There are 2 protein chains.
Amino acid sequence: MERVSEQELFLNLGEKMTNIRDIAKMAGVSVTTVSRVINNHPYVSEEKRNHVLEVMKKTNYQINMKAVQLSKGKSQMIGVVVPFATNPFFGLLIEGIANQAVKHHFHFVLIQTNYEKEREQEALNMLKHKQIDGLIITSRIAEMQEVEAYVPYGEIVVCENATNNQLISSVYLDHYQVIFRALQYLYNHGHRKIGYCTGRESGANSYYRKKAYKEFLEEKELSYDSSYVFTDNFFFEDGHEIVSKIVSMKNPPTALLVTSDGVAAGILTAGEKVGINVPDELAIIAFDNQPSAKMLDITTFEVPLVQMGEKLFLQAIGKYPIRHEELEVTLIERKTV
Amino acid sequence: MERVSEQELFLNLGEKMTNIRDIAKMAGVSVTTVSRVINNHPYVSEEKRNHVLEVMKKTNYQINMKAVQLSKGKSQMIGVVVPFATNPFFGLLIEGIANQAVKHHFHFVLIQTNYEKEREQEALNMLKHKQIDGLIITSRIAEMQEVEAYVPYGEIVVCENATNNQLISSVYLDHYQVIFRALQYLYNHGHRKIGYCTGRESGANSYYRKKAYKEFLEEKELSYDSSYVFTDNFFFEDGHEIVSKIVSMKNPPTALLVTSDGVAAGILTAGEKVGINVPDELAIIAFDNQPSAKMLDITTFEVPLVQMGEKLFLQAIGKYPIRHEELEVTLIERKTV
DNA sequence: TCTTGCTCTGAAACGCGTTCCATGCTCTAT
DNA sequence: ATAGAGCATGGAACGCGTTTCAGAGCAAGA
């Protein structure tokens, strides 16, 4: 075991970050052996292992994960695309993702799109360029076909019913059925003039929801009134505008199906200010069971968002083959219907 | 310009991902030239540039960012440590960070600690192991000294007054002064029995807040009552317990300083249920001006969180030398005092 | 005419850990 | 005694883009 004078080497290396080869030279072993020590491979004698460990300590050796990632071809990192990080809906999804990420020694980069296509494209490119191993798209803007083109580069998971898709996994709610159920609930409470407040108009989930709304009206032989449909509502603040529209209507709806608690909360508080009595004058049923719904006693459907995030993550790291999981929602009856 | 038969090469490479060397061989140029084309370096003749571009298109060449990162020694990625991602406070900080990240072609990995030291340690290790170029710690658990040990590995920024620190930048609020101001406001409204609800007890910001609370009482010659201090309150739900404690007190506070809107909202709604009149019976002043404060007309201090996030980011990428920026808060008078 | 200074190009080294493959031993099973 | 199995170790290739340096060609300024 010929060994270069350690003292000398320590001095010469000076500022430069020591790497695995430096360690090998100093310890008088091969780089392979050093690598084995780092990775706790059993085929290293105690003597050499200890010596390598010592040298690593002495030189304050720090592994360079960028090299590991390049070498292994994996980054232990997934991307998470969300339209808005502040929205509790996505916050809870992130919570679930984070839970599982920790357990699996993964990290995730958050990509906030604000529903700008360019941002989503950027996320897909990260996958293509191997910055991330997988991608969770909680809400998409691009066509499904476009997204599919990135499947060769890594696992992609979406939050919508994609049961007929062989390439992309999904964890989703049956929005059609859920909306139908909510409407039926309002109907059973005597409502015949039911309004519909949602986020964006486009998008797979929105499609099914709108479809359910229309088909429900048809089934019950109620007429469709486009002024009863309110779109682009995402945050608490958006509820105010809805109320101002409603108060100016000659024949306002008696009930509102709102696709997010935050907006429902906005409607409720804005309504209170102008003297709208909930639920007598206006019933409200919402979704998610976020803190704001608890706070204001809003009747809502609880959506298992944390669990959804966890499942999304596990699909994204390729733990399972392509598959499609549906989650159930639970009605929480409170005081707004 | 000797050139290997392209046709042949295309066939031979088959499945294997093409890399810069393959492209070089196929195009009959050096890897340097290919690299120049990729990076739009001017010193490449139009002819060669076009030809390389063509070959890249034909082979569907995709750059491997992991290699770029290793080579450049930078990941264009920062870490963001937050205790909870769902909390709107941190959500808004993230919003600001995301805004600037996009502009600077950076990405960020979110590390949710739940105030577990191990998680924070992991984030620091990512810095040490070059997975990230910089780190934003929005709320820390480790001692400042421990954190400082990681400064050699990359920029670190914290959200607390660190003005005397030469190694770590900070973007912060003068919590001492702000709490004093809030207490004075309650005092001016006639309150002498003022309670204090906060998040965790430890932590730099908490230290200054607690200090301000105590010193304010001293200055006004009010006695300190430990039952007036409520800790570990982070979310809406936590407000309920505070209320149940208050109703069981013989001599309850007439005003509450709450360090987060979410908790204040919880107190307000729980209080309403047990018939506590706000502000007559119990005044509440809070912080952040989150949606919940707007929703429930809570008097609060607006904190420029998005802006804070943006500044944090710019510090984290080393845009400026180590520095400490203080941000101002604005009192928003509503109906709870 | 000579020097200076671009423009254009490529070989080779660099950043750094992982992994395949070969080699040499020792020990156990036959 | 011998073959097969497992242990220990190292050389070299691999993953892949960037960068330094050297050299050639050519035009403008001295």
Side-chain angles (χ1 to χ4, degrees), chain A residues 1-4 13 15-53 55-56 59-76 125 128-131 133 153, chain B residues 1-4 13 15-52 55-56 59-76 128-131 133 153:
Chain A
M1 228 196 281
E2 293 173 76
R3 202 172 284 172
V4 184
L13 288 167
E15 305 305 293
K16 193 174 150 278
M17 201 71 65
T18 65
N19 61 34
I20 209 180
R21 273 163 243 271
D22 298 329
I23 301 291
K25 207 174 286 177
M26 290 187 237
V29 299
S30 70
V31 291
T32 313
T33 298
V34 177
S35 177
R36 288 200 184 94
V37 170
I38 291 170
N39 295 289
N40 278 313
H41 185 104
Y43 289 177
V44 182
S45 67
E46 269 315 287
E47 188 207 1
K48 294 208 170 179
R49 184 186 303 276
N50 289 141
H51 188 235
V52 168
L53 249 19
V55 174
M56 292 201 299
T59 55
N60 185 34
Y61 168 74
Q62 297 300 337
I63 198 168
N64 183 332
M65 290 306 286
K66 285 203 278 270
V68 176
Q69 288 169 7
L70 174 60
S71 188
K72 290 204 171 151
K74 291 186 181 170
S75 61
Q76 293 293 105
N125 280 333
K128 197 189 239 181
H129 299 154
K130 299 177 184 301
Q131 289 202 81
D133 298 339
Y153 305 108
Chain B
M1 222 193 284
E2 293 173 75
R3 199 172 284 170
V4 185
L13 288 167
E15 304 307 292
K16 192 172 152 277
M17 203 71 66
T18 65
N19 62 32
I20 209 180
R21 273 163 242 271
D22 299 329
I23 301 290
K25 207 174 288 178
M26 290 188 236
V29 299
S30 71
V31 293
T32 313
T33 298
V34 177
S35 177
R36 288 200 184 97
V37 171
I38 291 169
N39 294 290
N40 277 313
H41 186 104
Y43 289 176
V44 183
S45 66
E46 269 314 287
E47 189 207 3
K48 294 207 171 178
R49 183 186 302 277
N50 288 141
H51 189 234
V52 168
V55 174
M56 293 201 299
T59 54
N60 186 34
Y61 169 74
Q62 298 301 336
I63 197 168
N64 184 331
M65 291 306 287
K66 284 202 281 268
V68 176
Q69 288 169 6
L70 173 61
S71 189
K72 290 207 173 147
K74 292 189 179 165
S75 61
Q76 292 293 104
K128 197 188 240 183
H129 298 154
K130 300 177 184 302
Q131 289 200 82
D133 298 338
Y153 305 109

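Heavy-atom basis, side chains included; hydrogens, waters and symmetry copies ignored. Order of the sequence lines fixes the chain letters, A, B, ..., with proteins taken first and strands second; residue numbering starts at 1 for each chain. This one's a predicted model, so the numbers in the text were calculated from it and none came from an experiment.
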Could you list, one pair per line, each protein nitrogen or oxygen that sits under 3.5 Å from a nitrogen or oxygen of nucleotides 4-8 of chain C, together with the distance?
| unit_1 | atom_1 | unit_2 | atom_2 | d |
| --- | --- | --- | --- | --- |
| dT7(C) | OP2 | Y43(B) | OH | 2.1 |

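- For the pair N19(A) CG and dA13(C) P, the interatomic distance rounds to 17 Å; values are reported in whole Å.
- For H41(A) and dC21(C), the NE2 to C1' distance is 14 Å, given to the nearest whole Å.
- One N or O on the side chain of S75(B) and one on the backbone of Q131(B) form a donor-acceptor pair closer than 3.5 Å.
- In terms of phosphate contacts, T33(A) brings a side-chain nitrogen or oxygen within less than 4.0 Å of OP1 or OP2 of dG10(D).
- Here the nucleotide nearest the side chain of R36(A), chosen from dT19(C), dG10(D), dT18(D), is dG10(D).
- Relative to the axis of its first five pairs, the axis of the last five pairs of the helix from dT1(C)-dA30(D) to dT30(C)-dA1(D) sits at 30°, rounded to 10 degrees.
- With hydrogens and angles left out, the side-chain atoms of T32(B) and S35(B) include no donor and acceptor closer than 3.5 Å.
- The phosphate of dG10(C) has OP1 or OP2 within less than 4.0 Å of a side-chain N or O from S30(B).
- When the side-chain hydrogen bond (donor to acceptor under 3.5 Å, both in side chains) test is applied to S45(B), no partner is found at least two apart in sequence or on another chain.
- Nearest heavy-atom pair, D133(B) versus Q76(B), reported as atom, atom and distance to 0.1 Å: OD2-N, 2.8 Å.
- Here dT18(D) presents its C1' atom at 13 Å from CD of Q69(B), a figure rounded to the nearest Å.
- Between the P atom of dC16(C) and the CD1 atom of I38(A) lies a distance of 12 Å, rounded to the nearest Å.
- You'll find the side chain of V34(B) stays beyond 4.5 Å of the side chain of Y61(B), heavy atoms only.
- Atoms NZ (K74(A)) and C1' (dT19(C)) sit 14 Å apart, rounded to a whole Å.
- Side-chain contact check for N40(A) versus R49(A): some heavy-atom pair is nearer than 4.5 Å.
- Counting to the nearest Å, the P atom of dG17(D) and the NE2 atom of H129(A) are 11 Å from each other.
- Partners of S71(A) under the side chain to side chain contact (heavy atoms under 4.5 Å, CB included) rule, at least two apart in sequence or in another chain, do not exist in this structure.
- Put simply, the side chain of M56(A) reaches to within 4.5 Å of the side chain of V37(A), judged on heavy atoms.
- Within the 3.5 Å criterion, the main-chain N or O of D22(B) finds a donor-acceptor partner in the side chain of N19(B).
- One can place CD1 of I20(B) at 14 Å from C1' of dC14(C), the figure rounded to the nearest angstrom.
- For V31(A), the side chain to side chain contact (heavy atoms under 4.5 Å, CB included) partners at least two apart in sequence or on another chain are I20(A), R21(A), A24(A).
- Within residues 61-68 of chain B, the residues that place at least one heavy atom under 4.0 Å from DNA chain C are, in residue-number order, A67(B).
- At least one side-chain nitrogen or oxygen of N39(B) sits closer than 4.0 Å to the OP1 or OP2 atom of dT18(D).
- At least one donor-acceptor pair closer than 3.5 Å links the side chain of K66(A) to the backbone N or O of K130(B).
- Between the P atom of dC14(D) and the CG atom of L70(B) lies a distance of 17 Å, rounded to the nearest Å.
- When each of dT20(D), dT18(D), dG17(C) is scored by its nearest atom to the side-chain atoms of V31(B), the top-ranked nucleotide is dT18(D).
- The phosphate of dC16(C) (OP1 or OP2) has no side-chain N or O of S71(A) nearer than 4.0 angstrom.
- Here the CE atom belonging to M17(B) is positioned 11.0 Å from the OG1 atom belonging to T59(B), to the nearest 0.5 angstrom.
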